[in-house]
Amino acid sequence: MISKSSIHIFYQDKSDDYLLPYSDSTSIENLAHCIAVLYYFNVPPNEIQKRLALIKPVSMRLEVKKGINGCLLVDDTYNNDVAGLEMSLDFMSSLPGKDKSIILSDIHQSALLEGELTKQISEILLSKGVRKFVGIGPMLSANKRVFSELKAEKKFFPDTENFLHHFSDEMFNREKVLIKGSRSFTFEKIVSRLQEKVHGTVLEIDLNAVVSNLNYFKSKLKPGVKLMAMVKALAYGGGSDEIASVLQYHNLDYLAVAYVDEGVQLRKAGVSLPIMVMNPSPESFDLLIQNNLEPEIYSPMLLKKWLGFLQGNPSSIHIKVETGMNRLGFDEEQLDELVDVLKTNTNLTVVSIFSHLASADKEDHDAFSKLQAEKLLKFSEKIKRALTQKPLIHILNSAGILKFPEMQLDMVRLGIGLYGIDPELKENPELESVFSLKTTISQLKMVMPEETVGYGRLGKSDKPMKIATLSIGYADGYSRAFSNGVGQFYIGGARARVVGNVCMDMTMIDVTGLDVSENDKVLVYGKELSLIEVATWINTIPYEILTNTGPRVRKVYHIESV
Ligand SMILES: *Cc1c(COP(=O)(O)O)cnc(C)c1O
């Protein structure tokens, strides 16, 4: 989220221009002070510019969490100053949803007088379009009147306890809530009150890692090649609103989802990028149009239905051709008919023509992949004859991007790689782990050799065992296939195996010899236990495990931003 700006400095009889590594007003003001001091010490302008370029952004630790009543919480309870306030509010704009609310404590570490400080805060809240403001602390409460200009719903409380006493679940609904307080105000109590309460298993999603993986794949693209990010199936299980909203800030060209509902959800979250829908059903054509979504048209029948629905109205479409996957797509012998229909229906704009590789991740099928690309080029030449504008041609998925630079064509479609998993399912140090699934120990117990563990009494041992019962089961997406020693967890620096059958809501593991306690966190997969390995234990692929994550698993988003 770093962007640049420039500043023009007049000093004595000279003037100079500088490129600044930031664009938010607080940072620009800080840099202006630095530059002024450097002028005073007669540091030459070229030296100043060189040093400016070296400034590294100071990262802010923010956590984005799902809140009650469909709210999104931005937990910023690490520090509280005026500059940080402005940056956090700016950051909120990159999150899905419209209405911004803030719960703010008094700010302590400031040289400004109370009245002046409150006035500044009020101006910032006004300029950032805050709709609801809760001020907590004696200073904010005493200076209520200063906020009269701020057109927002306002409430003031003398301290955190008093706020919590008056708190009710109806206070916040479908809004983005920034919770920003000085340490002494213990705002973590507010966060915990506002957080969606469910279950001891949490899927942590590192949004910075998503951005870093995006940049890694971008670095593999030739100049001018466009990028479509695949956020189908809730962004492979990670939550499409949050991931798409972050991606939208990082120069992408397209998003793709599988079904219309997924696209509608992204629009509701405020995502404005063009969105392709890969499998649009005729029942959902209305929603498709209302939400400005672009259908993939893959058969003569679907094309006919779409044209019938459009009644001559304009529409952007994507054409999928069959080159070897045998899933969706126009067959070669259907192309002449397609060309005729496109020629007579000029209300259609063919944005892109594409196909999908059947086995880009397997070396022994490289020749087949190349054949598929050749077919796509041949078919698209034919279709292009019916068109007046130039469509984008694309075929590569994540594996293809890494393997076939010559097939990048006009655009590529990035999926699994974005989520930190090497498409050839090998460990790749250049990709950052995005997902960590964590659960907790509900209880510890000792089990003797004559006893058994779990349903079917399949968990046994000839030595005494220390058993930890975890709050995750197959209802959370932890497959029953992990039963009886197949699955392992990472805890206290070691691995521990599943004992007996995985239950619907719980799983028992052997933690004999490990120094663990009840309520300890246990890693299901993540950095120290790769999802790629976990998937191999039950003969599946990471895609399936991710998308099987159960709805009651809470999602927590981590982001460090500037
Ligand atoms: C899912 C999908 C992709 C992305 O595949 P990855 O292997 O996840 O990179 C690309 N194109 C189409 C048509 C897809 O359905």
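For reference, positions follow the sequence shown, starting with 1. Just follow the structure's listing: the first ligand is 1, and inside any ligand the first atom is 1.
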Numbering the atoms of ligand 1 from 1, which are under 4.0 Å from a heavy atom of [X]?
X	value
S398	6 (P), 9 (O)
R413	10 (C), 11 (N), 12 (C), 13 (C)
R327	15 (O)

Polar proximity ligand 1 side, [X] side, N/O cut 3.5 Å exclusive:
X	result
Y236	yes
M278	no
I416	yes

* Heavy-atom contact under 4.0 Å between K232 and ligand 1? -> yes
* Asked: Under 4.0 angstrom from ligand 1, any heavy atom of H394?
  ->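 In this structure, H394 fails to qualify as a contact of ligand 1 - no heavy atom is under 4.0 Å.
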* To do: Look at the rings of F435 and Y419 and say which category their plane angle falls in: under 30° parallel, 30 to 60° tilted, over 60° perpendicular.
  =>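 Taking Y419 first and then F435, their aromatic rings lie parallel (interplane angle under 30°).
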* Asked: Once the angle between the rings of Y478 and F489 is folded into 0 to 90°, is it parallel (under 30°), tilted (30 to 60°) or perpendicular (over 60°)?
  ->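 Y478 and F489: tilted rings.
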* Could you tell me whether M276 approaches ligand 1 through its side chain, its backbone, both or neither, with non-hydrogen atoms closer than 4.0 Å? =>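 Answer for M276: neither.
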Determine, for [X] against [Y], whether the closest basic-nitrogen to carboxylate-oxygen distance falls under 4.0 angstrom.
X	Y	value
D505	R552	yes
K521	E204	no
E381	K384	yes
K382	D336	yes
K232	E262	no

* Asked: Which residue owns the protein heavy atom closest to atom 7 (O) of ligand 1, what's the atom, and how far is it?
  ->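 Residue, atom and distance for the closest contact: Y543 OH, 2.8 Å.
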* Name the closest protein heavy atom to atom 12 (C) of ligand 1, giving the residue it belongs to and the distance to 0.1 Å. =>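 Ranked first by proximity to atom 12 (C) of ligand 1 is H356 CE1, 3.4 Å.
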* **Among I395, N397, I401, V412, closest by any non-hydrogen atom to atom 5 (O) of ligand 1** =>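 When every heavy atom of I395, N397, I401, V412 is considered, N397 comes closest to atom 5 (O) of ligand 1.
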* Mark yes when over 12 heavy atoms from residues, nucleotides or ligands other than R174 sit less than 6.0 Å from its CZ; otherwise mark no. =>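 No, because the 6.0 Å sphere around CZ of R174 holds 12 heavy atoms or fewer from other groups.
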